[in-house]
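It should be emphasised that the depicted structure is a prediction, and the values quoted were computed from it without experimental measurement. A note on names: the letters A, B, ... follow the listed sequences, proteins ahead of strands, and every chain is numbered from 1.
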Amino acid sequence: MSYDHKKIDAKWQQRWEDARIFKAKDGSKKKKYYVLVEFPYPSGAGLHVGHPRSYTALDIVARKKRMEGMNVLFPMGWDAFGLPAEAYAIKTGVHPSIVTKQNIDTFRRQLKAIGFSFDWSREVDTTDPKYYRWTQWMFNQFFKAGLAYKAKASINWCPKDKIGLANEEVVGGACERCGTPVEKRDKEQWMIAITKYADRLLEDLNTVDYLPKIKKQQEDWIGRSEGALIKFDEIEVFTTRPDTIDGVTYVVLAPEHPLVADSTSSDQVKAVQKYLAETAKKTDIERGDDSKEKTGVFTGSYVKNPYNGEDVPVWVADYVLAGYGTGAVMAVPQHDERDHAFAEKFGLPIEDRPLLEVDQAIKKSKGQKKVNYRLRDWVFSRQRYWGEPIPLVHCEKDGWVAVPDDQLPVELPPVEKYEPTDNGESPLSAIDSFVNTTCPSCGGPAKRETDTMPNWAGSSWYFLRYIDPKNDKEFASKAALKYWTPVDLYNGGMEHTTLHLLYSRFWHKFLFDQGVVPTSEPYARRHSHGLIMAEDGTKMSKSKGNVVNPDEVVAEFGADTLRTYILFMGPFEEPVPWSTNGLIGVRRFLDKVERLAEKLGDESTEVTKALHKTIKKVSDDIDGFRFNTAVSELMKFVNVAQEAGSMSPDSFAMFLTILSPFAPHLANELAERSTKAPIGTFMDLQPWPSPDPKWLIDDEITIVIQVNGKLRASLNVAADISDAELIELAKADENVQKHLIGEVKKEIVVKGKLVNFVI
RNA sequence: GGGUAGAUGGCGGAAUUGGUAUACGCGCAUGCCUUAGGAGCAUGUGACUUCGGUCAUAAGGGUUCGAGUCCCUUUCUACCCACCA
């Protein structure tokens, strides 16, 4: 290991900061480019080696775009509300804001040590009252528009965290955070009507450039299906297969369906009640377990099939979901596997009726066409302390009233205990001075809402605040929004596709409808990165003690080695195992570059050609997110230059320019040291080079000669050789001749590539 | 159970339109050098081989002059969704 990375890293990080070269300019005439990475939750564990994967990749894009002459906004901030800080507060009594501040300081120091070109002057923190003032303001816009409503909802309740969860936060029937099986519980919750935007969230995917798998996942999550609503007497069902209605042999209600009691005949009351009690005890995991046998109970009543007038029995079964469609289905055992399994178990008839024509079946059944979505409304309440207070007041006379704009933010009051109360209410409910207030509308006594927002709230719009972070009149000025939105490139984890990414698209569309943002989509292009695994291929986790700390890597090998290795290790979108040996290999490469700087002088055509090819490939690869092959291309060039013995100072300067986004500290240092090379103060202020086309053309090329598709020779020939000449040359080759036994049936020539003789 | 993406040397991976499979890096081997280092340099490194070649991209089949790449069947892995009517 030769170069002194500690000295060089610190020197250039200081210079960048002093010269403020990464500051995005407001009101610039230049074309803008907004590069965004998902801002981290500043956990107590510090930065994980997985964080820099996303940041490094987009740092490279940001640096390249700057060098291409664009006004780049590449900001960073903190998504700092959340359970871990609160859990720590419960344990230690230390206010979450204190821990959060310490964690943010650690994260900032760690990120700076890796040399990212963030514009630190625009840092935002979702827990800062100056920030969440606007989160609350936006919530009030939802409320005033009638999209935020309070509803008694059967919610997912985590008995360990004592917190209600959105459907989206339940993973496999268990709490996403702690893995505890989720129970059902009825609770008054603030909901936001994201389902009203389902169609637009779906359709507008056509207007954005997301990775196909991201689009697909959002489409499936929104889950549009076309079908019909049909009434079997008073029971309305949703079906996607109205053409099968002639084969209906029974109707099923979800256990939570409001008509269950009315449909139950007196002799079946006991059986039905017993069944309802059993299902209420089941967790979602048990109910959702496909391998278990279906259960259900007959209500004792019958309804009429509106198509053919037949009486069919009404059953209650938990394989029907209360939250989807109408919570009731018409069962067609002949055409549906689940219905078939249920019918077989309970001895219900499986009729054999022909399929109908869809429109006629709906018409004759007096049904109506209906589009249904899988997406549910967003449960927005949390009974927690460390979140934005929902800025509403309840007045006995006027009902729910929004806190006026000039009284925002509603700040979190100090509390003594951070635990949710035993009845599941937020700890804020125990603070009388917070709860008791006056009604903004009538001035009479009123009580504040004590629920707080989920941490998806602050992250739904943070990219707008970066645009104008110090504004205290608006969340961002109209002019600044017009210039900077939409985000041109956004990268984040696949796990946020149906959470944060969907929420923030919805949130943004709502703001667009309110006329306060200029675009209907927040992000023009979205990419995602794969997880970095431990060396043994398992997930890195604190409990296994296999987490790689970027601080240690930077201290031992330097920031440039970490950055370059993280991109070299594998395709950006795929999960890759960490390898310390791979890291050492990258460090060797950077050391080679340093040695190259000492051997500037004459240059062979071979080196010039290689350089221009490298410029082309590296440029294309960065644009296409193929960072791993970009690094290998840089390595190949260094091998060529090293073998040649020397290269010209001009060429070396060009090479350093394209190396600089990957290894900015070393590239800047070597540029400064090689005084012969014509480079100014900062690499980032240099123009990105374009390859000279004349060096990209080869005048001699290698042609592969095959006989019956098998490689027999390879010839170096002039690039402009004619087919006839080439065939003649090929046939003259000794080894080819040996295999050309018998009649040549066909001669295939692929220009610039190969000749194949078929015999 | 469904969807999506995959399966290439000892390892991470490359192969842009169907056209030299294994680039680049790691590891390993031999040698050189040496202010003995996680150094540097050189050479080699898919398997088998009678040294002519032959066989190799999860397994099997197909299309083609030619298949890692396209098609079919099967197996396995990862992620996401999981009774969505």
Gap in Å between the two [atom1] atoms, one belonging to [N] and one to [M], rounded:
{"N": "B:rC55", "M": "B:rG2", "atom1": "C1'", "result": "39 Å"}
{"N": "B:rG10", "M": "B:rC72", "atom1": "C1'", "result": "34 Å"}
{"N": "B:rU17", "M": "B:rC70", "atom1": "P", "result": "11 Å"}
{"N": "B:rU45", "M": "B:rC11", "atom1": "C1'", "result": "14 Å"}
{"N": "B:rC51", "M": "B:rA59", "atom1": "C1'", "result": "31 Å"}
{"N": "B:rG61", "M": "B:rC48", "atom1": "P", "result": "24 Å"}
{"N": "B:rG12", "M": "B:rU63", "atom1": "C1'", "result": "34 Å"}
{"N": "B:rU49", "M": "B:rA56", "atom1": "C1'", "result": "14 Å"}

Residue [X], side-chain heavy atoms: nucleotide from [options] that is nearest:
{"X": "A:Arg595", "options": "B:rC41, B:rC83, B:rC65", "value": "B:rC41"}
{"X": "A:Val329", "options": "B:rC26, B:rA85, B:rG13", "value": "B:rA85"}
{"X": "A:Leu321", "options": "B:rC24, B:rG53, B:rA85", "value": "B:rA85"}
{"X": "A:Glu574", "options": "B:rA5, B:rC65, B:rC24", "value": "B:rA5"}
{"X": "A:Arg712", "options": "B:rU54, B:rU20, B:rA85", "value": "B:rU54"}
{"X": "A:Thr702", "options": "B:rG12, B:rA85, B:rU20", "value": "B:rU20"}
{"X": "A:Asn628", "options": "B:rG13, B:rA85, B:rC83", "value": "B:rG13"}
{"X": "A:Val576", "options": "B:rG12, B:rC26, B:rC81", "value": "B:rG12"}
{"X": "A:Asn581", "options": "B:rG27, B:rC65, B:rC24", "value": "B:rG27"}
{"X": "A:Lys216", "options": "B:rU4, B:rA14, B:rG25", "value": "B:rU4"}

Can you say whether the rings of A:Trp315 and A:Phe298 are parallel (under 30°), tilted (30 to 60°) or perpendicular (over 60°)? tilted

Of A:Val758 and A:Gly582, the one whose nearest nucleotide on RNA chain B sits closer to the 5' end is A:Gly582

Comparing A:Lys213 with A:Val750, nearest RNA chain B nucleotide closer to 5' gives the residue A:Lys213

Applying salt bridge (Lys or Arg N to Asp or Glu O under 4.0 Å) to A:Asp243 and not counting sequence neighbours gives A:Arg241

A:Lys231 meets the salt bridge (Lys or Arg N to Asp or Glu O under 4.0 Å) criterion, sequence neighbours left out, with none

chi for B:rG46 classified (syn = within 90 degrees of 0, anti otherwise) as anti

B:rG62 glycosidic conformation (syn if within 90° of 0, otherwise anti) is anti

Taking [atom1] from [X] and [atom2] from [N], how many angstroms apart are they, rounded to a whole number?
{"X": "A:Met533", "N": "B:rU77", "atom1": "CE", "atom2": "C1'", "value": "12 Å"}
{"X": "A:Leu502", "N": "B:rC80", "atom1": "CG", "atom2": "C1'", "value": "15 Å"}
{"X": "A:Arg224", "N": "B:rC81", "atom1": "CZ", "atom2": "C1'", "value": "20 Å"}
{"X": "A:Asp621", "N": "B:rC24", "atom1": "CG", "atom2": "C1'", "value": "12 Å"}
{"X": "A:Tyr324", "N": "B:rA82", "atom1": "OH", "atom2": "P", "value": "13 Å"}
{"X": "A:Asp4", "N": "B:rA39", "atom1": "CG", "atom2": "P", "value": "19 Å"}
{"X": "A:Glu643", "N": "B:rU43", "atom1": "CD", "atom2": "C1'", "value": "12 Å"}
{"X": "A:Leu583", "N": "B:rG25", "atom1": "CG", "atom2": "P", "value": "15 Å"}

With sequence neighbours left out, the residues meeting side chain to side chain donor-acceptor pair (under 3.5 Å) with A:Arg505 are A:Gln218, A:Glu521

Applying side chain to side chain donor-acceptor pair (under 3.5 Å) to A:Thr195 and not counting sequence neighbours gives A:Asp377

So does [X] get a side-chain nitrogen or oxygen closer than 4.0 Å to the phosphate oxygens (OP1/OP2) of [N]?
{"X": "A:Asn756", "N": "B:rU64", "answer": "no"}
{"X": "A:Lys636", "N": "B:rC24", "answer": "no"}
{"X": "A:Arg374", "N": "B:rA85", "answer": "no"}

What contact category does [X] fall into here, base, sugar-phosphate, or nothing, at under 4.0 angstrom with non-hydrogen atoms?
{"X": "A:Lys617", "result": "base"}
{"X": "A:Thr240", "result": "sugar-phosphate"}
{"X": "A:Pro212", "result": "nothing"}
{"X": "A:Lys710", "result": "sugar-phosphate"}
{"X": "A:Ser225", "result": "sugar-phosphate"}
{"X": "A:Ser714", "result": "nothing"}
{"X": "A:Asn372", "result": "nothing"}
{"X": "A:Gln642", "result": "sugar-phosphate"}
{"X": "A:Glu337", "result": "nothing"}

Could you check whether A:Lys294 makes a cation-pi contact with A:Tyr319, meaning its NZ or CZ is under 6.0 Å from the centre of the six-membered ring and within 45° of the ring axis?
yes

Heavy-atom closest pair (A:Ile230 atom, A:Pro306 atom, distance to 0.1 Å) is CG2-CG, 3.6 Å

- Inspect the contact between A:Arg224 and A:Glu226 and indicate whether a charged nitrogen and a carboxylate oxygen are less than 4.0 angstrom apart. yes

*So does A:Arg595 pair up with A:Asp591, basic N to acidic O under 4.0 Å?*
no

> Going by modelled atom types, is there a donor-acceptor pair between the base of B:rG38 and the side chain of A:Glu556 at under 3.5 Å?
Replying inline: yes

Ring pair (Phe, Tyr, Trp, His ring centres under 6.0 Å) filter on A:Phe627, not counting sequence neighbours, yields A:Phe572, A:Phe625

Item checked: Ring-ring centroid check A:Phe342 A:Tyr250, cutoff 6.0 Å -> yes

Annotated structure of RNA chain B as dot-bracket, pair cut-off 3.5 Å, Watson-Crick or G-U only, | for inter-strand, is (((((((..(((......[....)))((((((.......))))))(((....)))..(((((..]....))))))))))))....

